[in-house]
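Side-chain atoms are counted along with the backbone in the values below, which use heavy atoms only and exclude waters and symmetry mates. Each chain gets a letter, A, B and so on, in the order the sequences are listed, and its residues count up from 1.
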Amino acid sequence: MPGPATGAPPLSLNPEQRAAVHYLGGPLLVLAGAGSGKTRVITEKIAELLRSGHQAERIAAITFTNKAAREMRERVGKLISKDAAEKLLVCTFHALGLRFLSIEHAAAGLRRGFTVLDADDSFAILKDLSPKAQKNDYYDLMRQLVGRAKDEGLTPDEALAAARSPRELQAAELYQAYQKRLHTFNAVDFDDLIAIPDRLLRENEELRLRWRERLSYLLVDEYQDTNRTQYRLLKELVGPRGGFTAVGDDDQSIYAWRGANPENLNTLTVDFPNLKVIKLEQNYRCSGRILRCANAVIGNNPHLFEKRLWSAHGDGEPIRILNCRDDTHEAERIAAEIVFRRDQQKAPWSDFSILYRGNHQARALEQALRLARVPYHLSGGQAFFDRAEIRDVLAYLRLIANPDDDAAFLRAVQVPKREIGTITLEKLATLAGSKNLSMLKAAESVEVQKQLAARPGSQVAEFAQLFRHWREAGSRMGAGDLTALVLQESGYAQHLMAGLKDPEARARRDENLQELVRFLREADKGKDGLSTLTNQLALINFSDRDDPGNAVRLSTLHAAKGLEFRHVWLVGVEDGTLPHHGAIEEGRLDEERRLFYVGITRAKDTLTISTSLQKKRFGEMERLKPSRFLRELPEADVRQEGDDPEKEAEEKRERSLSHFARIADLLK
DNA sequence: ACGATTTTCAGCATC
DNA sequence: TGAAAATCGT
């Protein structure tokens, strides 16, 4: 059996890594190619900062997901003491902003117990404030425009002044109404967690100096994924001293579509003339051929910074291109290959991964893997909890913590059904508005209750009474116990159970609810109060505590960033899928190519790229062509397998020709 | 107020 | 095609 092309990473740092770890003299940008050991550099650098006299609690390491933050903290804990790792600020930009606002809420015009609204809640508010009877496109456009104004750091007034088209004016007005509503809710949205601290730091010198003192060094991971606001916040926090390290890779920028601004890499060189740039170009992950393919593909993109990855590994196996009839055939073949290779190599299932462009592509693969009895794990899939359940329970807790949180009120009041319908809610909202009260406070008011019809009035009163009771109970117990109480007394637990007849499903759901209570008991250990807890919960995504275990990993290319596998299958590499239709039409091929590049560089030992000649799309069979990106691969490193599309087409032509010839013969 | 039926939409998805 | 949202009907 041939040994793997890859080996364990070396124990000592290479010269560039070492330089990046030891350079503390000023602002530093580390351009870390795929598989070049950037996480190692960040963790080693934290250890170096501690050695050189920085206090742990004044070092912040910013990641893009909570999962990454958790893993980073773990790795630092192993490298240095666990105690010091606990003191470090390892979190996302948003969590840092939340911490900032919890301390500085007065300066931000927020009262204690303010709420962080999630994306669904804030979108619902935008919809509610928009002119009625609009198409979905309209809301999406408005959300986009409001989001852009926020990203540019404009206040509603500034956005109104800057509006240059009727559309922008509409959006600016909506933005104004939206912020006003957030204010009355005593709430902020995700963007505000970055934008408000940024604005406060710019406008308030005392605050600025205090926070620059509070944080002595900042490390930012996945820097190419930062947006404009995050960059501004970073700049305010580090000040002219520039005590920071940004680590990123423009070739792995795949989130521009949701606001990331890879230009931030360039901006850094302008805003910090003394910026030092270090490139990490040695790849420790991929075989020689895989890396050559990756380099060849990404070489077709424009670059802010030139870099060329190299590897000390051997060539390894050629990259295989698998030509399949359709996506079902493709899935079956891959499932069979995985079963075969696992037996042959005695490798664990978790060495194998299948990556694709869109979530819907997972369906055929799942089916084939199930049939072949291959254990698999769908990353990003809501494996454990129904998200609706979590959000419902969270809404109850939010409303207990902040009675002004109308978004939470509207959610909690409607599940379980308690005979308070849209008409009653509309009346209640109008009454609340005229008296300048939040929904819950209006519901508590006897005066308001009297203005409603008898039956709805008493239902509303009963609902309000529950919350008075829970708020009082909450002062005596932790969040876990309070949740158990709320689940019982609200009838929510019963409501969830009622929907299920199957005793097994009931048991599973009951176990899930108990798990939630346990989780909250554990999470509340810090006992910072209910609102801190619910706000932190708003920032974490419950599916991200997934443990893939020993299973084949199915993932979108986006979700695969940062992961690596010995054997990777890249499926559906056809024009229209990768690059995606919309991207082709709008000429945005660069980001699609980077996506392909990210996929290629996930593989350590073997890479298989597959394409289908046809697949079903919107119910209709569609003929497909292999992706234009395949032509960018170096021929010497790839091997075609399966039905060659050109050969197949030719055979078909011949078949039909001879068919016609025969008919012609008969007609003679 | 709620379940049944029709319409709509189809890319990635963090905090 | 198939899931989710919007609308209809009692």
Just compare [options] and give me whichever is closest to any side-chain atom of [X].
X: A/Thr556; options: C/dG2, B/dC12, B/dC15; value: B/dC12
X: A/Arg357; options: B/dA13, C/dG2, B/dG11; value: B/dG11
X: A/Arg258; options: B/dG11, B/dC15, B/dA13; value: B/dA13
X: A/Lys127; options: C/dA6, B/dG11, B/dC15; value: C/dA6
X: A/Lys417; options: C/dA6, B/dC2, B/dC15; value: B/dC2
X: A/His94; options: B/dA13, B/dC15, B/dA10; value: B/dC15
X: A/Asn359; options: B/dA13, C/dA6, B/dG11; value: B/dA13
X: A/His580; options: C/dA3, B/dA13, B/dG11; value: B/dG11

Using a 4.0 Å heavy-atom cut-off, does [X] contact any base of the nucleic acid, only the sugar-phosphate backbone, or nothing at all?
X: A/Gly358; answer: sugar-phosphate
X: A/Arg617; answer: nothing
X: A/Arg418; answer: nothing
X: A/Ala119; answer: base

Query raised in the report: Are a donor atom and an acceptor atom from the side chains of A/Asp392 and A/Tyr492 found within less than 3.5 Å of each other?
Result: yes
Requested in this report: Would you check if A/His360 stacks with the base of B/dA10, given a 5.5 Å centroid limit and a 30° plane limit, both strict?
Outcome: no
Would you kindly give the [atom1]-to-[atom2] distance between [X] and [N], to the nearest whole Å?
X: A/Asp140; N: C/dA5; atom1: CG; atom2: P; result: 13 Å
X: A/Phe64; N: B/dT14; atom1: CZ; atom2: P; result: 13 Å
X: A/Asp327; N: C/dG2; atom1: CG; atom2: P; result: 12 Å
X: A/Leu537; N: B/dT14; atom1: CG; atom2: C1'; result: 17 Å
X: A/Asp191; N: B/dC15; atom1: CG; atom2: C1'; result: 9 Å
X: A/Arg391; N: B/dC15; atom1: CZ; atom2: P; result: 14 Å
X: A/Arg99; N: B/dC15; atom1: CZ; atom2: P; result: 17 Å
X: A/Trp257; N: B/dA13; atom1: CH2; atom2: P; result: 7 Å

Query raised in the report: Given that A/Ala95 and A/Ala583 both sit by DNA chain B, which one's nearest nucleotide is further toward the 5' end?
Result: A/Ala583
**Report entry** Verdict with supporting geometry, A/Phe409 and A/Phe185, ring-ring contact (aromatic ring centres under 6.0 Å, His included)
**Finding:** CA-CA 10 Å; A/Phe409 178 94; A/Phe185 282 12; over 10 Å; no
Requested in this report: Under the ring-ring contact (aromatic ring centres under 6.0 Å, His included) rule, collect the residues that match up with A/Phe64, sequence neighbours excluded.
Outcome: none
**Report entry** C/dA5 versus B/dC12 - spacing of their P atoms, nearest Å
**Finding:** 15 Å
Query raised in the report: Is any N or O donor-acceptor pair between the side chain of A/Glu592 and the base of B/dG11 shorter than 3.5 Å?
Result: yes
Query raised in the report: Are there more than 12 heavy atoms of other residues, nucleotides or ligands under 6.0 Å from atom CD of A/Gln451?
Result: yes
Requested in this report: Give a yes/no answer on whether the side chain of A/Asn66 brings an N or O atom under 4.0 Å of OP1 or OP2 in B/dT14.
Outcome: no
Report task. In plain terms, say whether A/Lys38 and A/Asp249 are close enough for a salt bridge, that is, a side-chain N and a carboxylate O under 4.0 Å apart. Result -> no
Query raised in the report: So, A/His580 versus A/Trp257, ring centres under 6.0 angstrom or not?
Result: no
